[in-house]
2 protein chains.
Amino acid sequence: MSALPANVASRTDAVARILDAAAGLFAESSYDAVSMNAIAERAGVSKANIFHHFSSKESLYLAVVRAACHDVGERLGELGTEHGPFAQRFSSYAASMLNDMLEHDQIQRLILRELLVDGERRGQEFAEKVFGENFARFVAILRQGQLKGHLRADLDPAMIATVLIGSNVFFFEARDVLKHFRDVNFANDPARYSTMLVDILMHGIARTPGSPAAPTAGN
Amino acid sequence: MSALPANVASRTDAVARILDAAAGLFAESSYDAVSMNAIAERAGVSKANIFHHFSSKESLYLAVVRAACHDVGERLGELGTEHGPFAQRFSSYAASMLNDMLEHDQIQRLILRELLVDGERRGQEFAEKVFGENFARFVAILRQGQLKGHLRADLDPAMIATVLIGSNVFFFEARDVLKHFRDVNFANDPARYSTMLVDILMHGIARTPGSPAAPTAGN
DNA sequence: GGATTTGCCGACCGACCGGTCAGTCAGTAT
DNA sequence: ATACTGACTGACCGGTCGGTCGGCAAATCC
């Protein structure tokens, strides 16, 4: 699996396997439903060895959550780097975000569950270390879109960001219910969902003749 | 607490207390994190008595989830009964839904977690028994809004419903994170969130001079 | 080449888990 | 009084939990 030299690999291999196994199991089930025995078995190490590398189950769990947060943060960071017209960038951002969530199903589940179970305590940590920077960056992009006249100036850009993110997150977590609704035909088609979502948002966000806007209309 | 005669009350009181205690604990923590001992203690009954009324922990949990679903379904059913202009009804519906979720925090958490952990299996059940009817009713209202010319006719009404519900659900589950963002000032103000959400949605949903609409402009 | 460190393991611990069981007790129909 | 019922309990079960401990084998240091 690893292309590193044996000695280097063996020093980190076990830890990595433990983290991988734990991440998978924690994503599938809740904290208490995952036993150290199960993690040890999947990782192919002894349970005692896990306690050799991690001081407790809690600390292993935190390491897994931290790694997941790091991954999510990194992937989010890659999103805002695209070019082109504003509307296209916005649309591409929305679609990429949704695809990314669906692609990393397990990590996403882990973080969402963590939020649901212990939002009060984890809220600040998540806000600062995981989403904070990327959220602020997205808001900045939207604010610039307002200044350039692409978006209504009387809206809170943070609110726009929240609605877009929220609609994507909801699709992620509710698709299993949505696909059983007669009226819904987009539950298995995230691309279509994304297109329609951006349509709905843009025609409320985009400048229209009746809404106020900055006097300098660019692009 | 109960005004019923002692003999009748005593027949159901214990079961009700068990269900209440279990609902509270299951909403706070995951299935595995809640022990039968803890439920018994909070309910003020012996653990053995719980097994006298429920065949297993699993069956008790199912009873709790079923009750929660029933409650949610009932409360959702009361939402679509208002009168007045379409825009006002839509706005009121959105605000009521959000308030309702915040007010019944525990039940909402329970259901959302159930969805996250086991969406595949619970999806159909939830769709049919909990949300199905109410979702369909909301979609019907939106469809009528399209026919009457209040909403753009080229949008999927189920999509509109999903975005509204999703934005509300996301606010519910992410408010603890949102309130730590510098750019966000609505995390503790659901009414303001609701107002802004409806603003964003309506000006993409509502008929505008540039978008197609049914020829008959009512209201 | 002996001592030390490091990665790792099997065996084990007390605590607690979900669940069972024999039996108490109040009510009630006969 | 008798017989029976369902609600209820404390004591207890086998099993699993998170976590510990002593020791093995290989690398590393001196």
* Any Lys/Arg nitrogen of A:D183 or B:R137 sitting under 4.0 Å from an Asp/Glu carboxylate oxygen of the other? -> no
* **Whole-Å gap separating P (D:dG10) and CZ (B:F51)** => 15 Å
* OP1 or OP2 of D:dA7 less than 4.0 angstrom from a side-chain nitrogen or oxygen of B:N49, does that happen here? -> no
* Asked: Take atom CD in A:E41; do more than 12 heavy atoms of anything else shown fall under 6.0 Å from it?
  -> no
* Does C:dT6 have OP1 or OP2 sitting under 4.0 Å from an N or O in the side chain of A:H53? -> no
* **Rounded distance in Å - CE (A:M36) to P (C:dC9)** => 14 Å
* Asked: What about A:K47, does its side chain sit under 3.5 Å from the base of D:dG19 through a donor-acceptor pair?
  -> yes
* **Protein-nucleotide distance (A:K57, atom NZ; D:dC17, atom P), rounded to Å** => 9 Å
* Asked: Does B:R152 come within less than 4.0 Å of A:D199, counting only side-chain N to carboxylate O?
  -> yes
* **Ion pair A:R113/A:E28, N-O distance below 4.0 Å** => no
* Report yes if at least one side-chain N or O of B:N37 is closer than 4.0 Å to OP1 or OP2 of C:dC17; otherwise report no. => yes
* Asked: Among D:dA7, C:dG18, C:dC8, which is the nearest nucleotide to the side chain of A:S46?
  -> C:dC8
* **Cation over ring face, A:K179 and A:F186, 6.0 Å, 45°** => no
* To do: Starting at atom CG of A:L25, determine the distance to atom P of D:dG18, rounded to an integer number of angstrom.
  => 12 Å
* Spacing of B:Y31 atom OH relative to C:dC17 atom P, expressed in whole Å -> 13 Å
* Asked: Across the strands shown, which category fits A:D32 at heavy-atom distances under 4.0 angstrom: base, sugar-phosphate, nothing?
  -> nothing
* Asked: What's the closest nucleotide to the B:H52 side chain, out of D:dC17, D:dG6, C:dC8?
  -> D:dG6
* Asked: Separation of A:E41 atom CD from C:dC9 atom P, in whole Å?
  -> 13 Å
* **Per A:A48 side chain, nearest of listed nucleotides D:dT20, C:dT20, D:dG18** => D:dT20
* When all nucleic acid strands are considered with a 4.0 Å heavy-atom cut-off, which category describes A:S35: base, sugar-phosphate, or nothing? -> sugar-phosphate
* Structure fact -> Rounded to whole Å, the OH-C1' distance (B:Y61 to C:dG18) equals 17 Å
* **Separation of D:dC8 P from B:F54 CZ (nearest whole Å)** => 11 Å
